[in-house]
Colleague: 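Below: one structure in structure tokens.
In this text the structure is predicted, and so the values were computed from the model without any measurement. Just so it is clear: chains get the letters A, B, ... in the order the sequence lines come, proteins before strands, and each one is counted from 1.
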Amino acid sequence: MRASRFLLATQKEVPADAEVISHQLMLRAGLIRRLASGLYTWLPLGVRVLQKVKKIVREEMDAAGAQEILMPVVQPGELWEESGRYDMFGPELLKFNDRHGRSFCLGPTHEEVVTDMVRRDLASYRQIPANFYQIQTKFRDEIRPRFGVMRSREFIMKDAYSFHLSQKCLQETYDRMHSAYSAVFGRMDLNFRPVLADTGSIGGSGSHEFHVLAESGEDDIVFSDQSDYAANIEKAEALAPTNERHKASADKLEIATPDQHSIEEVSTFLKLPQEQVLKTLLVEGAEGDLIALVLRGDHQLNEVKAENLEAVASPLQFASEARIQEALSCKPGSIGPVDLSLKTIADRSAVTMADFACGANKDDFHLIGVNWERDCAEPEVADLRNVVAGDPSPCGQGTLTIKRGIEVGHIFQLGTKYSEALKAEVLDENGKSQTLTMGCYGIGITRTVAAVIEQNHDDRGIIWPASIAPFQIALIPINPHKSEAVREACDNLYEQLTKEGYEVLYMDEPKARLGVMLANVELIGIPHRLVIGDRGLESGSIEYRNRRKPENRDVAIDQLHSFINENVEKL
RNA sequence: CGGAGCGUAGCGCAGUUUGGUAGCGCACUACACUGGGGGUGUAGUGGUCGUCGGUUCAAAUCCGGCCGCUCCGACCA
């Protein structure tokens, strides 16, 4: 590609509203432009990267036996009513009516549509298993789009859906998708981890997320230091403490704690460590009642675990201040389990506390020296908290560390949730109708591009892995408008390399300054760079530089061909 | 939706306190010099100051409504 015929929309200055490095570099390198909140136009350079990612995904999906389809972005509301998600999905589902007043939505995901396709077109067990995928634009009306393409409202996703007649068969496809995903992210040289994940509201049994490890990630991933165990913090079990609860040794005492509400305030005020203060949170119960969730003060509620409790309403909803006032006649900062007439569920760690402090269910008062059994009823016990670094690993080996991850892929065993609701059935060998079991598998294509940049950049710009670089080689002439020889050498080399199948960006604008071209080529992250000038030509060499290496090297012109063959990945 | 902040040229910003000719840097156009690592000079292009209304002789500036955006908390690939 000749740069004179290609939109290189690079910018020197960092746009003010770009927070994370990938967002900044994508804007500066001219990959994307913002159209509105959470909506981005992909410029020519960005599209080239996107196409590379899609190509890798297609190759791996095809190799794993999946078939490509393409489903509409706009979907009939009826279908979503049939699955029960039209009202359940929440405000992320953008709904609208057509001119006839029929309801439609923009697809945030495509379970309904594939399941509908399958129930119409698959009739026999002979067609099972089947795995259909597409690469399509999705829309989720995110509350807060941010980090550019990392959490946008419109995004491109590869989603696949498999159909089976047995759990065993589903497991096989699931495992095959697991390895296909590892292959996809491996081909992009990403430092990633498959981690155990919560199946969330979609339900089903097995689920893994694929996370790219990066500081800017929005998820906490926990690892065992002595085994392969890795899980999303939402999923990671906090084991019960091994030590027994101490005997009560202090007397219960009520203390005035004016204006002390948070655990931090209370622990400072009472001069007690946070581990000695009990945290009591009120949430809406499944029966319309209120439930008290109790944690050690220094621990954090794991909302997914809480939501998965039967007694707790799903989605999780904290009790409003008004509701608390009505039930307990006090504010949220002064609640405790003593004489509390609500169902109380305590975290495994909280229940081993003794002589602790907690709210007195009376504004501006706390209790100290409180003990379970003696002062308040033994609560129900559950795993309610987020694990913290240093906790024992739930796999039984090692302790946990926590890192940030960007979720770029997610695989699920869905079970029969959608096939049952939409009656996706086929006849088995005995002529009997059987409901299909489903799996679903997503890769955030656009998000993956951002994740790659998060892991591959320096202070000059992006450093693309060979497999998804927009161009392999940048060809830069020095003063071509002055030197016929340079121009000719570059023209020839450009033609030759292009003919051989290399993707070359030829910086052929006659008056472009060398420094500007070099800076641009580094900013947009092209892996290999050739600089051709009079001096080099006279001494029979061409300057080469690898984007990842700090130094130039001169390559003899007559060896250039083999040098490139050896050092540049042909795609 | 709650809390904080912003809206002035394609990008980054000043000007708003104290009302009085719309500015700077980058980018862009032309020319010249320069020419082996974001160069210099000269001359230019580009703005109904988010929007609607009010106050005033006069509003980017003061007042009010609306819209949009960003950041911090609840969603997910």
Colleague: Examine A77(B): is either OP1 or OP2 under 4.0 Å from a nitrogen or oxygen in the side chain of Thr448(A)? Give yes or no.
Modeller: no
Colleague: To the nearest angstrom, how far is Glu13(A) atom CD from C11(B) atom C1'?
Modeller: 6 Å
Colleague: Using atom CG of Leu27(A) as one end and atom P of A27(B) as the other, report the distance to the nearest whole Å.
Modeller: 18 Å
Colleague: Is the shortest side-chain N/O distance from Arg144(A) to OP1 or OP2 of C72(B) below 4.0 Å?
Modeller: yes
Colleague: Nearest to the side chain of Arg529(A), heavy atoms from C-beta on, is which of G37(B), C76(B), G36(B)?
Modeller: G37(B)
Colleague: Report the relative orientation of the aromatic rings in Tyr441(A) and Tyr174(A); use parallel for angles under 30°, tilted for 30 to 60°, perpendicular for over 60°.
Modeller: tilted
Colleague: Taking CG from Asp141(A) and C1' from A74(B), how many angstroms apart are they, rounded to a whole number?
Modeller: 15 Å
Colleague: Using purine N1 to pyrimidine N3 plus N6-O4 or O6-N4 for Watson-Crick, or N1-O2 and O6-N3 for G-U wobble, each under 3.5 Å, what pairs with C75(B)?
Modeller: none
Colleague: Does Arg58(A) pair with Glu68(A) as a salt bridge, N-O distance under 4.0 Å?
Modeller: yes
Colleague: State, without any angle test, whether His110(A) and Tyr161(A) hold a side-chain donor-acceptor pair at a distance under 3.5 Å.
Modeller: no
Colleague: Could you walk me through whether Tyr40(A) and Ser152(A) pass the side chain to side chain donor-acceptor pair (under 3.5 Å) check?
Modeller: CA-CA 8 Å; Tyr40(A) 291 87; Ser152(A) 50; over 6 Å; no
Colleague: Would you mind telling me which of A77(B), G12(B), G36(B) lies closest to the side-chain atoms of Leu514(A)?
Modeller: G36(B)
Colleague: When the P atoms of G65(B) and G12(B) are compared, how many Å lie between them, rounded to an integer?
Modeller: 28 Å
Colleague: In terms of side-chain heavy atoms of Glu543(A), which of G35(B), G37(B), C75(B) is nearest?
Modeller: G37(B)
Colleague: Using a cut-off of 4.0 Å on non-hydrogen atoms, how would the nucleic acid contact of Thr10(A) be classed: base, sugar-phosphate, or nothing?
Modeller: nothing
Colleague: Taking atom P in both C69(B) and C31(B), what distance in whole Å separates the two?
Modeller: 42 Å
Colleague: May I ask you to say whether Glu484(A) pairs ionically with Arg487(A), meaning some side-chain N is under 4.0 Å from a carboxylate O?
Modeller: yes
Colleague: So, the side chain of Asp383(A) versus the backbone of Ala238(A): is there a donor-acceptor pair under 3.5 Å, distance only?
Modeller: yes
Colleague: Using heavy atoms to find the nearest nucleotide of RNA chain B for Ser37(A) and Glu218(A) separately, return the residue whose nucleotide is more 5′.
Modeller: Ser37(A)
Colleague: Before accepting this row, confirm whether a basic side-chain N of the pair Arg85(A)/Glu111(A) lies closer than 4.0 Å to the acidic partner's carboxylate O.
Modeller: yes
Colleague: Ile143(A) near the nucleic acid: base, sugar-phosphate alone, or nothing, with a heavy-atom cut-off under 4.0 Å?
Modeller: base
Colleague: Does any donor-acceptor pair link the side chain of Asn520(A) with the base of G37(B) at a separation under 3.5 Å?
Modeller: no
Colleague: With both distances under 3.5 angstrom, what nucleotide forms a Watson-Crick or G-U wobble pair with G64(B)?
Modeller: C52(B)
Colleague: The side chain of Lys12(A) lies closest to which of these nucleotides: G37(B), A74(B), G38(B)?
Modeller: G38(B)
Colleague: What integer number of Å spans the P atoms of C62(B) and G5(B)?
Modeller: 16 Å
Colleague: For a quick check of understanding: with a heavy-atom distance under 4.0 Å over all strands, which category does Arg153(A) fall into, base, sugar-phosphate or nothing?
Modeller: nothing
Colleague: P atom, A60(B) versus U51(B): distance in rounded Å?
Modeller: 11 Å
Colleague: So what does Arg146(A) touch, heavy atoms closer than 4.0 Å: a base, only the sugar-phosphate, or nothing?
Modeller: sugar-phosphate
Colleague: Return the nucleotide paired to A32(B): Watson-Crick means purine N1 to pyrimidine N3 with N6-O4 or O6-N4, wobble means G-U with N1-O2 and O6-N3, both under 3.5 Å.
Modeller: U40(B)
Colleague: For Asp17(A), answer base if it contacts any base atom (sugar-phosphate contacts may also be present), sugar-phosphate if it contacts only those atoms, and nothing otherwise; contact means non-hydrogen atoms under 4.0 Å.
Modeller: sugar-phosphate
Colleague: Could you check whether Asn232(A) gets within reach of a base, just the sugar-phosphate, or nothing at all, counting any heavy atom under 4.0 Å?
Modeller: nothing
Colleague: What integer distance in Å separates Glu209(A):CD from C75(B):P?
Modeller: 14 Å
Colleague: So if I take every side-chain heavy atom of Glu522(A) and compare against G38(B), G37(B), A77(B), which nucleotide ends up nearest?
Modeller: G37(B)
Colleague: With both distances under 3.5 angstrom, what nucleotide forms a Watson-Crick or G-U wobble pair with A4(B)?
Modeller: U70(B)
Colleague: In whole angstrom, give the distance that lies between atom CG of Leu537(A) and atom C1' of G36(B).
Modeller: 12 Å
Colleague: Whether Lys95(A) engages the ring of Tyr86(A) as a cation-pi pair (distance to the six-membered ring centre under 6.0 angstrom, angle to the ring normal within 45°) should be assessed.
Modeller: yes
Colleague: Assign each of Lys511(A) and Ala519(A) to its nearest nucleotide of RNA chain B by heavy atoms, then name whichever residue's nucleotide is nearer the 5' end.
Modeller: Lys511(A)
Colleague: Reckon Gly409(A) touches a base, only the sugar-phosphate, or nothing at all at heavy-atom distances under 4.0 Å?
Modeller: sugar-phosphate
Colleague: Partner lookup for G47(B), please. Criteria are Watson-Crick or G-U wobble with both distances under 3.5 angstrom; report none if nothing qualifies.
Modeller: none
Colleague: Considering only the C1' atoms, how many Å lie between A74(B) and G38(B), rounded to the nearest integer?
Modeller: 44 Å
Colleague: For Arg545(A) and G36(B), give me the distance from atom CZ to atom C1', rounded to whole Å.
Modeller: 13 Å
Colleague: Distance check, P atoms only: G73(B) and G50(B), in whole angstrom units.
Modeller: 30 Å
Colleague: In whole Å, what separates the P atom of U16(B) from that of G53(B)?
Modeller: 26 Å
Colleague: Return the nearest nucleotide to the side chain of Arg447(A); candidates are C26(B), G37(B), A77(B).
Modeller: A77(B)
Colleague: Could you measure between the two P atoms, the one in G19(B) and the one in C57(B), and give it in whole Å?
Modeller: 15 Å
Colleague: Choosing from C11(B), G38(B), U70(B), which nucleotide comes nearest the side chain of Arg34(A)?
Modeller: U70(B)
Colleague: Answer yes if the ring centres of Phe6(A) and Tyr506(A) are under 6.0 angstrom apart, and no otherwise.
Modeller: no
Colleague: Could you check, using the six-membered ring where one of them is a Trp, whether His208(A) and Phe210(A) have ring centers closer than 6.0 angstrom?
Modeller: no
Colleague: Over how many whole Å does the gap from His211(A) atom NE2 to A77(B) atom P extend?
Modeller: 10 Å
Colleague: When we call it a touch if two heavy atoms are under 4.0 Å apart, what does Glu142(A) touch: a base, just sugar-phosphate, or nothing?
Modeller: base
Colleague: Nearest to the side chain of His481(A) - G35(B), G36(B), G38(B)?
Modeller: G35(B)
Colleague: Any base atoms under 4.0 Å from Asp534(A), or only sugar-phosphate, or nothing? Heavy atoms, all strands.
Modeller: base
Colleague: Looking at Arg535(A) and G36(B), is any side-chain donor or acceptor paired with a base atom of the opposite kind under 3.5 Å?
Modeller: yes
Colleague: Which base sits across from U18(B) as a Watson-Crick or G-U pair, both distances under 3.5 Å?
Modeller: none
Colleague: Tell me the partner of G10(B), counting only Watson-Crick (N1-N3 plus N6-O4 or O6-N4) or G-U wobble (N1-O2 and O6-N3) with both under 3.5 Å; none if nothing fits.
Modeller: C26(B)
Colleague: Take the protein atom NZ of Lys138(A) and the nucleotide atom P of A77(B), then report the distance between them rounded to whole Å.
Modeller: 10 Å
Colleague: Taking the minimum atom-to-atom distance to the side chain of Val531(A), which one of A27(B), G36(B), A74(B) wins?
Modeller: G36(B)
Colleague: Out of G12(B), G37(B), G35(B), which nucleotide sits closest to the side chain of Arg513(A)?
Modeller: G35(B)
